[in-house]
Structures are given as C-alpha cells and as structure tokens.
Protein chains: 2
Amino acid sequence: MTIKDIAKLAGVSVATVSRVINDDAGVAEKLRNRVLQVIKETNYIPNTVGRNLRKSKSDMILVMLPTLSNPFYAKILKGIEKRASEHDYGILVSVTHHESRIEKKYLKMLQMKQADGVISLFSTLIAEELNDLAGKYPIVQCCEYTEGAHLPYVMIDNKKAAYEATKYFISSGHKRIGMISGSFYESSERAREQGYKEALMDSGLPFDEGYIFKSNYKPESAMEMCRKLLDMPEPPTAVLTVSDTLAIGAIKYLKSVGVEVGKDMDVIGFDNASITRVYDPTISTVSQPRYDLGTVSVDLVIEKINNLSTVNKGIILPHELILRESTRGEA
Amino acid sequence: MTIKDIAKLAGVSVATVSRVINDDAGVAEKLRNRVLQVIKETNYIPNTVGRNLRKSKSDMILVMLPTLSNPFYAKILKGIEKRASEHDYGILVSVTHHESRIEKKYLKMLQMKQADGVISLFSTLIAEELNDLAGKYPIVQCCEYTEGAHLPYVMIDNKKAAYEATKYFISSGHKRIGMISGSFYESSERAREQGYKEALMDSGLPFDEGYIFKSNYKPESAMEMCRKLLDMPEPPTAVLTVSDTLAIGAIKYLKSVGVEVGKDMDVIGFDNASITRVYDPTISTVSQPRYDLGTVSVDLVIEKINNLSTVNKGIILPHELILRESTRGEA
DNA sequence: TTGTAAGCGTTATCAA
DNA sequence: TTGATAACGCTTACAA
C-alpha cells in the first residue's frame, strides 16, 4: 500500500495525497475528505524511508548510552522521550559499551539522516573528533562533558556537588576523608575530585592524593579500595564515592570488617539510585535532576537541529545532597 | 558525496560502483581498484536510507525493552549484539515503558522496513495482535511469552525454576512458604506461581493462595507484602520472590522488624542481579543465562527473516539456583 | 486548487 | 564485463 495506491483509490494525484498527509493548506475540503477516507479504510501509513530519503530528515533523535547496566539513565530517557514527543520527534536508543568503534558506527546515522540529532550520555571520542562532528551535526552532551569539545551540554555542577558532600563530612567533624573515584567518566570524576580537594583545602585540612583511589565501578573494586583506605597508617573516617554502586561496595567491606557505617565511618555516594533507599544502611547520596537533564537535552538538540550555528549553551542543573543512615556518624 | 560522485571521479558508471560496494562478482580488477581508491580518498559511505528504500531491507534488528530501569537486560543485549554482528545485522533499541501505544509505534518500523525483525523482551500486545503481526514480520519473544501467541521464543523454564526453589526451601525443613509475585510479566509470574504450587503439593504441603501476594516490583511494595505475610496467623518461614528487587524489599522489611534473614526466615529471588552479591545478606536467587538468551533470540529472528514461514521454535535454556546467605536457615 | 514530473541515493534489470 | 535506466515511496517546484 503506497501513496500511489491511495491516489488511485481516491481518484486524485499523489501530490494531493501527500498534501493531505502533511496537512498542507490548499486542498479542497471535498478532496481532503475523500483522501482521508481512503487512508482510513486502507490503514495506509506513509513510508518513513521514502519520506526520509526525500526530505533528508527523519524527525528522530538518537540517544547514545554508554551502557544498559546503569538504571541511572532510565529517568533521563523518560525526560527525553517526553520532551521529544512534544516536539514531534521520535527517539532511538543505542548503546556504545564505552567503545568508540560502536559510537562512531551509530554516529553515521547522522550522516545518513537517519537521525537529525544526537544526545550523548557519554562520549568516548576525543574533543577534536567531537568538534568536527558538531560542526556538521547537532550533538549535545548530557551529564558528561568532553574537555575541549565545543558543544551544548547539560549537567550538574559536579565539582560543587562533591564540594558540598565533603563539606558536610567536615561539618560533622571528620578530619580525614577518603574518596573512591574512577577512570571511566573523566569529566565528572575529575570535577568531583576537584570539589573534594577544594573543600578540604578551604577548611584548612590537608589534601593528600593518596586518599583518592580509582575503581572500575564494580562494587567488588570499591571493596578493595575501601580495604586500602582502612589499611592506611591514618585511615579516613568518611568516604566519598563517585557512584552509589561504589558506596555499596565500600559499605559492604566496612560491615565485613566490623566497622559500623553511619557511626564509625560515614559514606556518601552519587546519583541517588533506588537501591540507596533500601540498602542497609540507607545511603546518603547526591541526587541529580534526571528527568530535567533529559528534557533540557532535547531542548538543546532541537535548537541545534533548527539552527546548527546557534551558540553552544552549557546548562547547569541543580543537584541535591540527600542525607540518610550512612552519614549519621560524628568523628 | 553520493554514488554518482564516486562514479564520476572513477570514470565509471554508478552501476559499477554499486557492484564494487556490494562485492559483486564480475567487475574487472582494474576498475574495482580504481573505484576502491576513489572511495577511500573521499571517505564515501553508501547512504543507508537510499539503499533501504531500494532493497526493502535494513539489516537491522529492533530490540524492544519494557524498561531501562532493569539492568537485567544489559547482558541479554550484549548477547544479541554479538550474535547480530556476526550475521552482519545491526541492532536498535527501543523502550516501550509497558505501553502498547509505544510498542505499536515501534513495530511500524517493521512495516517500513526500517527493521527486518524484532526481538521483544516483553510485549503488551494481546495474542491476536501478535499473531497478526507475526504472520507478516519476524518477531520473537525473549524471556516472556504471550499465552496464545504463535511465535518463536526463548526463555528459561520458569515453572521448573520456581519448583526447584520451593523444593529447596522444603528440603531445608520449611513447611510454610510465602511468595511475592507481581502482575506485570504475566507469563513468567504465572509459571513461577504454578511451580511454587506444584512443589508444595508434590511434597504433601498445603497450598494456600493466601500466601501469594502481588507486588508492583518496587522494593517498597515487597516490604508491604512481607509485612502482610508476617501478620498472617501462621506466617511463613521462607519467601520466594519473582525478582531480586522484591527479595531486597522483603529482606529490608524483615531486618527492620528484627527477623534475621538466613536464620529466622529464608528468601530467594529471581534473576541474579549484581546487587544480590553485595546486599547484606547476600541473596539466593535463580540465575538466567542472559547472554545465551540474547544470542539464541538472534538465531531465531534471523531464521524468521530468512524464511518467515519456518516453524516457530520454542527454546528453553537452563537456569541455575544460586544459594547465598539469605537461605542459610533451617526451619 | 490540482496535477505533472523531477529528484532523494540506491540496486537491479536489461542490453550492449 | 560494463553502462543506461527504471524503480523503491515520497515531497515539492512548477505548470496548469
């Protein structure tokens, strides 16, 4: 069933059918109704591929996730979908598994006009590659920013968030604070490490690189890092981790060696994963406005779709430090 | 940069370029090399949309997930991607959020030939709708089966898995066993409830519908259900839940009222989520062969793509009961 | 207001 | 072995 068939059945030209489909003005009421009638009777749906080829546009936004293992992205996607559909865009999801080969493969969809824009939750590409692409296609970053890349982004102020978390530890009396970071999500990790550092220094506490350990985001690795922290000559009394999964690993290790979390040792995670509300103890964490991160990403990418040379906005959304049982201790 | 440009630059016809691109036999070595050279120099990539329109094929498989909140699907997707790429298929992910409106929208991609087949991790459609579609397009179900639908599927034997878990409880001496189920994933839930029931009956224990509670898959809801179980005149000494998230909720509630899990009360979950290895206590669970579920799904859908009228296979993959701290009790 | 026809980028048929 | 050309399904000048 193609537009030709509809035209024939309705006794009009394909152009008229196309006009009806696209709500073009200037079709006589009578013809319009006749065409609509036929369309209804036949359940005709215009072919997307034909249309895309002709219009060099797909009305699709590609969302690139680094992984499907992190439920963190679920709510962001909901925000994206909501706002996209308000603007009559569809969304397509791709998972890069942190591999640039895969990321590049999906980015070709832009060139083919199979997607009109991309929202990248994490890019493995280097700044130069991104800048090249961003000159040709609408690409925005959400949550993670590539240093040196000039494209729109939306995220929280990671440095400030870590700063506040660390300050909270300090205000509770902690003098030695450890950090479990990582080396996957460069931009947010570095910013959070910096916030941690500045909070210490602003409070007149010594900053020692040796109190920062880099994990691979698996809880098991956080357990190992936590062990190392405890084995230090002067072990910390509080630990900031860059993800809730790491906080869980840390807490698990602490419990296993009889350290009571929220009393002997405080822990703060990142992202407010749903498990933090049900873990034992419940876990203090930095919450990101996930839904809004999604909607704003869409606004940014649509702005670029409509005018590629629009100025690259960087938008910071507010975070929130959520205090739970894992930070009941006073040092 | 289109095939025409390449043809012009190489001094050949577009037909020849097309033949080279598609590895057609019967192109003189000399011409082939000349064309390849131009393609390399220009970084030319054939346009997918044009090709798809012409071939009525996209070499893409659409993966439909019910949600992005469940990391369960991550490894399945990896299996899918691996096997798909071995067969030169790409994959596209869509999230239905359990809404049939959304599911139907994505299924249109089949009609448009934007996807050659679909792997559905969960369908909201009724059997009749699925059968209609499956007559026209390659659709396979993975993990969840729609009763009355005639299409290929791959999953574990959910009834047997629940049977074994329940039998394990019984072998530990438990006489009253509760179940926290749900009403989202009909096929697996019903099968698991049935397995639970049969295990009780085969062991000469009474089966009482009142020991089965239906949650909404949120841990909070499992806490509530667990409270109800404990409030019964004769509370159970073991609980089987249809997901690990529910097991966590149950355990959290039990701990909150001073019931020691793995001693006073045993709990078994489903899916072997990574959190089950780090929760306190670690959680016994039924593990599904996720990666293989993915690869086999691809095999099935490709079989259908190649021959739609091939017989609908139903494949059962082996599960595994993994025992951890949450089942150390003896009643 | 409507229709004709060109063209989007391919592949595939047919003839040479 | 190669090339001209129709066709895939659609939109959009342009003409009528």
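In what follows, every heavy atom counts, from backbone to side chain, and hydrogens, waters and symmetry copies are set aside. All values derive from a computational prediction rather than experimental measurement. All chains are named by letter (A, B, ...) in the order of the sequence lines, taking the proteins before the strands, and each is independently numbered beginning at 1.
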Would [X] and [Y] pass as an ion pair if we require N to O under 4.0 Å?
X        : Y        : answer
B:Glu81  : B:Lys78  : no
A:Lys104 : A:Glu129 : yes
B:Arg290 : B:Asp292 : no

Whether over 12 other heavy atoms sit under 6.0 Å from [X] [atom1]:
X        : atom1 : value
B:Lys4   : NZ    : no
B:Glu128 : CD    : no
A:Lys57  : NZ    : yes
B:Lys82  : NZ    : no

For each nucleotide in nucleotides 5-15 of chain C, reading 5' to 3', give B when a protein heavy atom comes within less than 4.0 Å of its base, S when such contact involves only the sugar-phosphate, and - otherwise. -BBBBBBBB--
Any side-chain heavy-atom pair of A:Tyr89 and A:Ile302 under 4.5 Å: yes
Would you give the length of the straight line joining atom CD of B:Gln111 to atom CG of A:Asn47, rounded to the nearest 0.5 angstrom? 8.5 Å
Give the first and the last nucleotide of DNA chain D, reading 5' to 3', that has any atom under 4.0 Å from a heavy atom of chain B. D:dT1 to D:dG9
Please evaluate residues A:Tyr185 and A:Tyr217 with respect to the criterion ring-ring contact (aromatic ring centres under 6.0 Å, His included), reporting the C-alpha separation (whole Å), side-chain torsions for both, the decisive distance (0.1 Å), and the verdict. CA-CA 10 Å; A:Tyr185 300 92; A:Tyr217 284 87; 5.3 Å; yes
Between the opening five pairs and the closing five pairs of the helix from C:dT1-D:dA16 to C:dA16-D:dT1, how far apart are the helix axes, to 10°? 50°
